[in-house]
Engineer: 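Before I ask anything, here is the structure I am working with.
Start at 1 and go down the list; that is how both ligands and their atoms are numbered.
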Amino acid sequence: MKIITYQPDESGLAYAVGTTLDRFIKLKQGDFPFASGELSQLLRDIALAAKIVNREITRAGLSNIGGAFGQTNVQGEEQQKLDVIANIRFIRALSKGGEVCAIVSEEEDSVIDLQNSSGKYVVAIDPLDGSSNIDVNISIGTIFSIYRRKTPAGSPVLKEDIMQAGREQVAAGYVLYGSSTMLVYTTGCGVNGFTYEQSLGEFFLSHPTIHAPKTGAIYSVNEGSINEWEDGIKHYITLCKERGYSARYIGSLVADFHRNLLKGGVYLYPATLKNPSGKLRLLYEANALAFIAEQAGAMATDGVQRILDIVPTDLHQRTPLMIGSSEMVTEAGKMISAFTEKAMYS
Ligand code: P6P
């Protein structure tokens with residue numbers, strides 16, 4: 001009988017593509033000494049909810065769960081049926097998982113106290129971002145941030161557990177429900193992407209150790225608001241056009257961010273007359289993507305300061321957002337400050 005020695009794939013990848021998410025989480029668990037498996041379990045809980053939401057989305061057109069729910073959320077935005085369904089699914093998964101003490105959701109006016117005082121973590125989530133795209137079959141996403149609570153386990157959840165700056169995140173990620181469904185996340189030790197294999201019901205490592213190009217030739221912004229922008233933004237976008245960059249904006253932050261992260265590019269949602277503090281929310285949109293961006297070598301600012309340094313004062317506060325390749329975000333920021341100074345001294 002001939003016995004041969006198994007030669008594992010030594011393709012130089014830190015982890016062979018094809019590793020399941022569950023196995024990857026176990027392999028990486030040693031990266032955070034203080035967690036004895038709770039954060040790993042929490043990530044699995046999020047992945048489970050993502051699988052369920054993915055199933056709902058892929059059959060939305062067939063099961064009468066597309067379209068408007070008939071109510072507006074705390075943002076004053078018309079809720080889609082799938083906004084409500086996704087919100088319920090993630091809250092239920094996080095509640096049953098047992099690792100979370102409180103949730104901040106775009107779809108909830110107030111903090112949800114899960115009455116689980118032993119839970120060490122707080123989750124801020126946009127259950128379904130870009131949901132107005134659902135009915136026209138454009139990619140949408142889930143965005144989440146994970147924080148350790150500040151107050152001791154066993155005590156009531158307090159404001160200090162919730163209103164933490166983005167730099168305090170212990171993990172963050174997004175799910176992109178697109179041509180394929182992907183989960184991309186970081187625990188502060190790099191960014192890894194997993195692609196969902198529907199037939200097996202598993203996420204498999206497909207994009208190990210994502211690094212964003214330092215620059216790119218793609219800019220993402222809603223140019224319909226051009227007349228509402230400050231001069232520095234107008235000048236930067238004009239510069240992008242003069243350089244022949246491609247305009248790519250599909251109205252779904254997760255999709256635009258993901259493409260720019262992989263290919264190089266910058267997404268901008270500046271302050272406008274309609275949204276003087278910007279449209280995107282700090283706690284459950286900007287912070288998570290900013291953490292991922294920085295972990296992948298990219299950047300995220302509000303045009304002036306690092307997103308992750310902003311200390312929140314309101315649960316649903318909004319922020320201008322410039323996020324993507326570091327050289328592009330830096331250049332946009334320089335334009336803004338140059339024109340701000342010019343305006344101050346003219
Ligand atoms: P506008 C979706 O509502 C969202 O929050 C992001 O996903 C997207 O990039 C942006 O708003 C689109 O906003 O004002 O350009 O339609």
Side-chain angles (χ1 to χ4, degrees), residues 53 57 60 66-69 71-84 86-87 104-108 124-145 172-178 181-182 184 218-230 233-234 237 240 246-261 265-290 292-293 298 300-303 307 315-324 328-329 332:
V53 170
I57 288 170
F69 178 62
Q71 290 181 12
T72 55
N73 61 18
V74 65
Q75 327 290 339
E77 294 166 348
E78 185 178 42
Q79 283 182 306
Q80 303 297 304
K81 289 176 190 169
L82 272 168
D83 281 324
V84 176
N87 189 48
V104 177
S105 169
E106 180 187 71
E107 303 304 330
E108 300 288 342
I125 189 165
D126 182 353
L128 208 54
D129 178 72
S131 53
S132 57
N133 289 316
I134 292 170
D135 292 352
V136 293
N137 208 18
I138 288 176
S139 302
I140 50 184
T142 296
I143 309 171
F144 62 90
S145 287
Y174 58 86
V175 184
L176 176 57
Y177 309 97
T181 293
M182 281 193 70
V184 178
I218 295 172
Y219 68 97
S220 307
V221 70
N222 183 342
E223 297 198 51
S225 310
I226 190 166
N227 295 325
E228 302 179 39
W229 299 341
E230 60 182 291
I233 298 282
K234 286 180 185 173
I237 297 302
C240 290
S246 298
R248 294 287 184 272
Y249 187 77
I250 73 165
S252 193
L253 169 60
V254 172
D256 283 323
F257 172 77
H258 181 73
R259 179 201 53 244
N260 293 350
L261 188 74
V266 62
Y267 171 102
L268 308 97
Y269 206 110
T272 63
L273 296 177
K274 181 183 171 190
N275 291 299
S277 299
K279 176 181 182 184
L280 299 166
R281 274 59 56 131
L282 177 65
L283 262 72
Y284 39 78
E285 289 171 333
N287 272 339
L289 299 185
I292 289 170
T301 74
D302 64 359
I307 290 289
L315 210 52
H316 299 288
Q317 79 182 63
R318 299 173 189 265
T319 176
L321 180 64
M322 270 132 248
I323 189 167
M328 300 177 86
V329 172

Engineer: Side chain, backbone, both or neither: which part of V254 comes within less than 4.0 Å of ligand 1 when only heavy atoms are counted?
Structural biologist: neither
Engineer: Consider ligand 1: state whether an atom of it lies below 4.0 angstrom from any non-hydrogen atom of L280.
Structural biologist: yes
Engineer: Looking only at protein heavy atoms, which one is nearest to atom 10 (C) of ligand 1, and what is the separation?
Structural biologist: Y249 OH, 3.7 Å
Engineer: Taking 4.0 angstrom as the limit and counting only heavy atoms of G130, give me the atoms of ligand 1 inside it, by number and element.
Structural biologist: 2 (C)
Engineer: For ligand 1, note which part of N222 has a heavy atom under 4.0 Å away: side chain, backbone, both or neither.
Structural biologist: side chain
Engineer: Could you tell me whether the side chain of R318 and the main chain of K279 form a donor-acceptor pair under 3.5 Å?
Structural biologist: yes
Engineer: CE/M328 to SG/C240 distance, rounded to the nearest 0.5 angstrom?
Structural biologist: 5.5 Å
Engineer: Starting from atom 13 (O) of ligand 1, which protein heavy atom do you reach first, and at what distance in Å?
Structural biologist: K279 NZ, 3.0 Å
Engineer: Main chain of E108, side chain of N87: is a donor-acceptor contact present, judged purely on distance under 3.5 Å?
Structural biologist: no
Engineer: Report yes if D256 has an N/O atom closer than 3.5 Å to an N/O atom of ligand 1; otherwise report no.
Structural biologist: no
Engineer: Hey, does the side chain of N222 reach the backbone of G251 with a donor-acceptor pair shorter than 3.5 angstrom?
Structural biologist: no
Engineer: Do N287 and S145 meet the criterion of a side-chain donor-acceptor pair at a distance under 3.5 Å?
Structural biologist: no
Engineer: Write out the residue and atom name of the closest protein heavy atom to atom 7 (O) of ligand 1, then the distance separating them to 0.1 Å.
Structural biologist: D129 OD2, 2.5 Å
Engineer: Looking only at protein heavy atoms, which one is nearest to atom 14 (O) of ligand 1, and how far off is it?
Structural biologist: Y269 OH, 2.6 Å
Engineer: Starting at CD1 of I307, measure out to CG of L280 and round the result to the nearest 0.5 Å.
Structural biologist: 9.0 Å
Engineer: Would you mind listing which atoms of ligand 1 come within a distance below 4.0 Å of any non-hydrogen atom of L253?
Structural biologist: 6 (C), 7 (O), 8 (C), 9 (O)
Engineer: Between R259 and R248 (side chain of the first, backbone of the second, donor and acceptor by atom type, cut-off under 3.5 Å), is there such a pair?
Structural biologist: yes
Engineer: Just need the protein heavy atom nearest to atom 9 (O) of ligand 1, so name the residue and atom and give the distance.
Structural biologist: Y267 OH, 2.7 Å
Engineer: Looking at T319 and D302, would you say the former's side chain and the latter's main chain have a donor-acceptor pair under 3.5 Å?
Structural biologist: no
